[in-house]
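The basis for the numbers below is simple: all heavy atoms, side chains too, and nothing from hydrogens, waters or symmetry mates. Quick note on labels: first sequence line is chain A, next is B, and so on, each numbered from 1.
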Amino acid sequence: METENNKGHFIESIIRDDIANNKNKGKITTRFPPEPNGYLHIGHAKSICLNFNMAGKFNGKCNLRFDDSNPAKEKQVYIDSIQSTVNWLGFEFGSPYYASDYFDRLYTFALELIKKDKAYVCSLTPDEIREYRGTLTEPGKNSPFRDRTVEENLDLFSRMKAGEFEEGLHTLRAKIDMASPNINLRDPIIYRVKKASHPRTGNKWCIYPMYDFTHSLSDALEGITHSLCSLEFEDHRPLYDWILDVLDTPCHPQQIEFARLNINYTVLSKRKLQRLVEEGHVDGWDDPRLPTLEGIRRRGYTPESIRKFCELIGVSRKESRVDMGLLESCLRDDLNERAPRVMAVLRPLKIIIENYPEGMTETLEAANHPQKEEMGKRPITFSREIYIEQDDFMEDPPKKFFRLGPGREVRLRYAYLVTCKEVVKDENGNVTELICTYDPATKGGNTPDGRKVKGTLHWVNANDCLDAAVRLYDRLFKDENPEQDKQDFIENLNPASLEELKDCKLEKSLEQVLPEKVYQFERMGYFCLDSKDSTPDHPVFNRTVTLKDTWAKLSG
RNA sequence: UGGGGCGUCGUCAAGCGGUAAGACACAGGGUUUUGAUCCCUGCAUCCAGAGGUUCGAAUCCUCUCGCCCCAGCCA
């Protein structure tokens, strides 16, 4: 799949060089460090693939580590969901790691910092801290508590840990430089009091380490060699390095930043996704319209297609917005290979074949995949009454329309050639039924006389089919970039992102299928059983993705 | 008008001083019992702009322009 001399993206180049120079003894260890405060989305998939693939490619290891240092936002459900999602994507991580498992060691590191006079307990209020921090263009000023003695700091910090102080009264701050042009270096807070119960450590702690402190040290403790993160952490790298330089740590991982993923016609920020769910614009975190991995999975996306997508988009430092069409293309590519073909009529129009014997039923053979004989064949039944797609008939068709019309002949896939003899309408002039004739010589859809038929339609036997509901999904937003400032992205929601068809007729073989198994409804797209709302009595199918549709493009 | 980044085809993205890969999209054509798949073909004389260095620059230098990130006791 990849050429031998392909050097890969810039991170891969760095890793190759490091291995060539025997840095870290030639070992590679990466990590995927989600905070368990939400569900994973396709943007996380990029990071997951990057980290696991780099480790895999160079005989290394990738840790799944929960960055759980803020109990106010984190929950066990997210921890569970994240693990199963990473596994579903196809990556093995053994047992997960938790930053919370390092709380004791992190506390000891904080003590070390204090003893080295590189940290102090600050008793400014939150407002004062902000004030003292300065602005983007003005330097900050030193906290009046900056010169507390080591003893005093040790005492105060241990009392913070003991729970003697309420939230907001004291913080532990790194003593760096209040005049630094990099705001992250203006004595960043590294510990705060938070009297919250933690999903894993319960009430053991009432002080919790901040991200920069936790992350750099967790990386070092795990022997991470390459700490890959997104661009917005670039400004944090000096702090990451400062912490690891000042403290006596097992190693000093290299932080490398890359651009996070953006995709058009959707949003990929936890906050925005959360709003969509909480305000009820979608039906939960696993709504098939959402770019969450649980949503995408329910929709019918395969892990393989997501991994392929992540490979194709590349890794760079340029902020970009990838075309949703590429994701869909990866999906179709994969589904085209593995999805069995089947026939289903979504908007039924009844056809009566007047010269076909009443009460007769024939069993015909249909291929499960036109290009893959090994996928076998299945029986389908045919009778006097069948359904075809409403869109496959036009009373007054344009010349380029080669489906059914009055007097026209088409092929019913795997069955017979039929000709439309009569159009039956109701009192409002709506077409309700078609009377056709069939040519017995064309069984199987063959034309022994060699005559050409342009159109081949899918159909379902009216006397031997399954009733089902089918959900047609479209993009969630109308605009390519729903996050444009000025307007609220909610206003950009596509009102037609979900259309539910309730009177669909499916071929009988679909009777006992499992969710996540995707089928191609020939000429209609790829579909799978919904994992949540489907019941044996009332099956519900989701449209995973449409087929490429040249005709739709031509006909507007 | 503080600091840190980024600007190569419509969208991603290779390229690392030797004369613009690839993918998606798009446009033509062929095959086809899915207007699907598959198969051909085309698609940046040009790399944000302007100067400069060089035999030679998207690649080096200078300046200009544009966009993104940072002032949570979030990560």
Side-chain angles (χ1 to χ4, degrees), chain A residues 3 6-9 13 33-35 37 67-70 72-73 122 124-126 129-131 133-140 167-173 180-186 189-194 208 210-212 214-215 229-238 257 259 264 270 311-330 332-333 336-337 341 343 366-367 369-371 400-403 411-415 417 442 444-447 453-458 480 520-525 546-555:
Chain A
T3 53
N6 183 354
K7 288 177 65 185
H9 48 70
S13 301
E35 181 190 12
N37 68 343
D67 218 337
D68 55 349
S69 57
N70 184 3
K73 296 185 174 176
C122 181
L124 252 21
T125 65
I129 288 194
R130 191 181 333 113
E131 238 178 271
R133 187 152 37 219
T135 67
L136 294 178
T137 51
E138 299 160 302
E167 292 183 16
L169 291 182
H170 306 288
T171 56
L172 183 70
R173 295 230 251 164
S180 171
N182 181 343
I183 293 182
N184 294 119
L185 262 22
R186 318 240 262 229
I189 292 169
I190 55 178
Y191 262 95
R192 78 291 213 185
V193 174
K194 236 182 212 325
Y208 291 92
M210 296 284 286
Y211 165 80
D212 294 288
T214 309
H215 204 89
C229 64
S230 47
L231 252 24
E232 68 265 31
F233 290 102
E234 189 150 23
D235 289 341
H236 292 245
R237 194 170 66 226
E257 311 83 17
N264 60 13
K270 266 184 201 169
E311 179 190 322
L312 289 183
I313 56 176
V315 179
S316 78
R317 291 176 62 88
K318 189 175 83 178
E319 301 197 45
S320 57
R321 182 167 292 273
V322 177
D323 191 345
M324 177 69 88
L326 183 62
L327 215 208
E328 294 179 340
S329 162
C330 292
R332 288 193 187 101
D333 229 46
N336 178 48
E337 291 293 314
R341 315 288 131 123
M343 292 200 283
H369 189 119
Q371 279 83 232
K400 299 284 269 190
F401 181 88
F402 35 81
R403 276 116 96 149
R411 171 187 292 113
L412 293 178
R413 179 147 234 228
Y414 299 123
L417 266 56
T442 59
N446 302 305
T447 51
V453 201
K454 215 33 174 136
T456 298
L457 311 185
H458 62 280
E480 186 170 336
Q520 186 194 100
F521 290 3
E522 291 204 45
R523 305 208 308 134
M524 300 309 285
T546 59
L547 246 28
K548 209 196 275 177
D549 192 346
T550 311
W551 169 246
K553 213 183 311 184
L554 289 176
S555 60

Please report, rounded to the nearest Å, how far the P atom of B:G72 is from the CD1 atom of A:Ile190.
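Rounding to the nearest Å, CD1 of A:Ile190 and P of B:G72 are 18 Å apart.
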A:Ile183 has an atom CD1; how far is it from atom P of B:G2, in whole Å?
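For the pair A:Ile183 CD1 and B:G2 P, the rounded distance is 12 Å.
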Could you check whether [X] gets within reach of a base, just the sugar-phosphate, or nothing at all, counting any heavy atom under 4.0 Å?
X	answer
A:Ser180	nothing
A:Leu412	nothing
A:Arg186	nothing
A:Thr125	base
A:Ile313	sugar-phosphate
A:Glu167	nothing
A:Asp67	sugar-phosphate
A:Phe233	base
A:Arg317	sugar-phosphate
A:Pro34	nothing
A:Glu35	sugar-phosphate
A:Asn446	base
A:Lys194	sugar-phosphate
A:Leu327	nothing

Could you tell me whether a side-chain N or O of [X] sits under 3.5 Å from a main-chain N or O of [Y], the two making a donor and an acceptor?
X	Y	answer
A:Arg192	A:Gly168	no
A:Ser320	A:Val322	no
A:Asn182	A:Asp235	yes
A:Arg332	A:Thr546	yes
A:Arg341	A:Glu522	no

Within the structure, does a side-chain N or O atom of [X] lie under 4.0 Å from either OP1 or OP2 of [N]?
X	N	result
A:Arg523	B:G35	yes
A:Ser316	B:A13	yes
A:Arg133	B:C73	yes
A:Arg321	B:C24	no
A:Arg192	B:C74	yes
A:Thr137	B:U1	no
A:Lys553	B:G35	no
A:Lys318	B:U8	yes
A:Lys548	B:U37	yes
A:Thr550	B:A36	yes
A:Arg332	B:A36	no

Can you tell me, in whole Å, how much space there is between the [atom1] of [N] and that of [M]?
N	M	atom1	result
B:C47	B:U8	P	12 Å
B:A13	B:A21	C1'	9 Å
B:G18	B:C65	C1'	30 Å

Partner nucleotide, any strand, of [N] [Watson-Crick/G-U, under 3.5 Å]:
N	answer
B:A23	B:U11
B:G66	B:C6
B:U53	none

Syn if the chi torsion is within 90° of 0, anti otherwise; quick check, which is B:G5?
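Anti, angle beyond 90° from zero.
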Under 5.5 Å between ring centres and under 30° between planes: true for A:Tyr211 and the base of B:A75?
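No, the aromatic ring of A:Tyr211 does not stack with the base.
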Parallel, tilted or perpendicular: which fits the ring planes of A:Phe402 and A:Trp551, with parallel below 30° and perpendicular above 60°?
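Because their plane-to-plane angle lies in the 30° to 60° range, the rings of A:Phe402 and A:Trp551 count as tilted.
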Kindly determine whether A:Glu35 and A:Lys73 satisfy salt bridge (charged side-chain N to carboxylate O under 4.0 Å, His left out), including the steps that lead there.
CA-CA 9 Å; A:Glu35 181 190 12; A:Lys73 296 185 174 176; 6.0 Å; no
side-chain contact (heavy atoms from CB on, under 4.5 Å) evaluation trace for A:Met210 with A:Thr171:
CA-CA 10 Å; A:Met210 296 284 286; A:Thr171 56; over 6 Å; no
Give a yes or no on whether a donor-acceptor pair under 3.5 Å exists between the nucleobase atoms of B:G3, that is its base, and the side chain of A:Asp235.
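Yes, the side chain and the base share a sub-3.5 Å donor-acceptor pair.
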